[in-house]
J.: 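Take a look at this one; I'll ask things after.
As a basis for the values below, the full set of heavy atoms in this structure was taken, side chains included, without hydrogen atoms, waters or symmetry mates. Both ligands and their constituent atoms are indexed starting at 1 by order of listing.
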Amino acid sequence: MANSEHVRGALIEWHDVNFSVPDRSTGQQKRILTGMHGLAQPGRLLVIMGPSGAGKSTLLDVLACTSSSRGAVCEGRISVDGAPRSLRSFRAISCYVQQRDVLMSSATVREVLLTSALLKLPRSVPLAHKRALVEDTLRELDLTSCADTLIGDETIGLKGISGGQKRRVSVGVELVKDPRVLFLDEPSSGLDSEMALSVATSLVALARKGRTVVCTIHQPNSDITECFDDFLLLYGGRTVYGGLWSGAVDFFARNGFSCPTFKNPTDFFMSVITRTEGAAEALATAYDKARPALQDEQKTAAAAEEGQRKQQQRQQQPGREEGEGERSGGGRDHVTLQMAEGDQRGSAGGTPGGAAFVVVGGQLQQQQQQQQQQQQQRGGVEEGWQQRQRQRQQQQEEKEEEQEGEVGGGPAAAAAGAAGGESVPLWFQVYVLSVRYWRTWIRNPVMMTSELVQYAFTAVFIGLMYCRFNDVLGKGDFNRVSCIWFSFAVLCFTPSYTAVTNWGSERLLLKRELGQRLYGITSYYLARYSVLIPFQLAQCLLFLAVMYFFAGFQASAGGFFTFFAIFSMFQIVSEGIGACCALSTRTTTTSVVLLTFVLLVVLAFSGFLTTSVPVYFRWMQKTSYLTYAISALVEREFSHITFRNEATGEVVPGMQAYPDTLRTGLSYSQNVGVLAAQVAGMEVIKVMLFNLAHRLNLM
Ligand SMILES: Nc1ncnc2c1ncn2[C@@H]1O[C@H](COP(=O)(O)OP(=O)(O)OP(=O)(O)O)[C@@H](O)[C@H]1O
């Protein structure tokens, strides 16, 4: 990347914005933001501050279009580059960095950024350019030194990068899309002062490239405040001050609150508005009056900086035309990734239009400039027409937006969202996500090692416990049935609890990525299970290879592979039960409680713990997958062996010892058929629950 290249940020202005949510206790709307005005400018860092509950995150969500509160009502006007904000277009040029770092802990920094680039940028951008983008982002955020270090997670024993680096990686994940606008919620929270300063410095650097950067901050130290350009102070959902950071102390002084020398102004502002009675209201009223002048100052400062930048650019590259080095949406090397105007006519004059990234060379850029000049010459009549077109386009996009919300992150929505218009094909999403899963499974010691060890140990334990069955009637048959039941219990608990645990660590990442429409549920499902199922089969094979021969089941390939097929199907359903419990609850603790109950019910109706099932529980027995699995396996084993009556010496066919309590009333192949149908049914239920959990915000 040519580091001198400038990104065209966006001027965001909001006027008289009110935001309210339904209040559960009263049933009325509860006002959270009242009469908000403000602006965020290209090339500048706007910091939103205020005490807890002031409405900082809510305002950020409203500006970034990320608010997901049900029944929320937002009023007022928000414009981008002078035109009403269109949700879809705006999302395509902006990004939102959450307060919490939600990253794949088993990937390296470079891998995380590359995965993000692969999912966010269209397929038409060559891989080499995506890699170049990643390298540029690493440099831009000063992450080159830790590029090949794992993100890490202490809770699972994976050592990784520092908290400040993690925060910058979270920014980098969004930056690979080269957004014009960046929103960050509390980027310095939880970091020590040095790390917080490193993050703030990175944000200023990103803003100086031309981007519009808006972030909330709780209570910064004085080093960090030196990074502020513009400043918005909130209290109780109202603006107490909005303007240049450098003008804030003066504003407070003019209104009777002089900041003592050597005091951190942010500490002073916070103490005034929270501790001095009536101060916040008085300042908010004073701000309302002074607002036009304060905003003019902001605009003048931004224009002066922009002028300086252009002059510097001219001095550095005298032969270069003004604006030639600019990127609207960013670019790297000789490629310019530019936000394609959804409707060129409708979005002329600097308006951010439609939502697709396209690769354009200098020639196309020139053509676009010429087109814009011609359009400007056409004058006022067309301007009115353009306004109407823009409105129509916006309405259309909002309608599509609503529809997308309804289908809830399906592949179509994901494809449209990825890169803001040009689709990343489903197969490619599945491929990228599968690679990520493989890495996760291979590198994650909890997932990989602990499960394998658990399967190996339990197999040895069961094998030793039933070591070499005998053929004595009443003993050999009982031990065989017990051993099969015990093995099913292992294959019942292990995959289901692992599913719950894994879901706990995945849910936030999935929520973030589905929310950003990087991919849809279908891609996630296909990728997850294309990796998980081979792992499950391998685990099952390991378990069976030890247990089957150790215990002494019928020594034949047919017997072994029948056991393998039935155990595998059983294990897949068990994993599905775990996933369903996780998907139907909000926390891992609740999932574990629910899962334990479900599994106990399954075990209770296995035909092994009771001789007669009460009529009101029969339906549970009929739907329990263990019932069919155990019946099928016991039948497979007993139909191929004989037992010896110790008292009489008589040899009896194995099926004579088949316990009545295991009979389902179905033949062997019917039992296997029902189990196979349950595997298929479970997959359908899982996909439905994934969709439902996403729609109901249960993730
Ligand atoms: N969906 C919602 N339903 C009910 N109340 C809400 C909702 N969202 C926000 N609020 C309330 O609005 C107020 C502002 O919340 P917000 O999270 O924006 O504050 P904040 O300034 O970011 O606080 P903090 O610094 O503690 O994160 C709080 O009192 C909060 O409880």
J.: Enumerate the residue pairs fulfilling side-chain hydrogen bond (donor to acceptor under 3.5 Å, both in side chains) with a member in residues 36-55, sequence neighbours excluded, ordered by first and then second residue.
T.: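 Only His37-Arg291, Gln41-Asp230, Arg44-Asp230, Arg44-Glu305 qualify under side-chain hydrogen bond (donor to acceptor under 3.5 Å, both in side chains).
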J.: What is the ring orientation for Phe231 with Trp245, classed by angle as parallel under 30°, tilted 30 to 60°, or perpendicular over 60°?
T.: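 Aromatic pair Phe231/Trp245 classed perpendicular.
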J.: Which heavy-atom pair separates Leu46 from Ala40 by the least distance, and what is that distance?
T.: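 Taking Leu46 first and Ala40 second, the nearest heavy atoms are CD2-CB, 3.9 Å.
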J.: Using the test salt bridge (Lys or Arg N to Asp or Glu O under 4.0 Å), find all partners of Glu513 that sit at least two apart in sequence or belong to another chain.
T.: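 Arg436.
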J.: At less than 4.0 angstrom from any atom of ligand 1, which residues have a non-hydrogen atom? List them by chain and residue number.
T.: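 Shell around ligand 1 (4.0 Å, heavy atoms): Val21, Lys30, Ile32, Pro51, Ser52, Gly53, Ala54, Gly55, Lys56, Ser57, Thr58, Ser69, Glu186, His218.
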J.: I'd like to check the ring pair (Phe, Tyr, Trp, His ring centres under 6.0 Å) partners of Tyr96; sequence neighbours left out, ordered by chain and number.
T.: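 Testing Tyr96 for ring pair (Phe, Tyr, Trp, His ring centres under 6.0 Å), a comparison that skips the adjacent residues, returns none.
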J.: Give me the one residue out of Val213, Leu203, Asp229, Leu45 that meets side-chain contact (heavy atoms from CB on, under 4.5 Å) with Arg208.
T.: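 By the side-chain contact (heavy atoms from CB on, under 4.5 Å) criterion, Arg208 pairs with just one of Val213, Leu203, Asp229, Leu45: Asp229.
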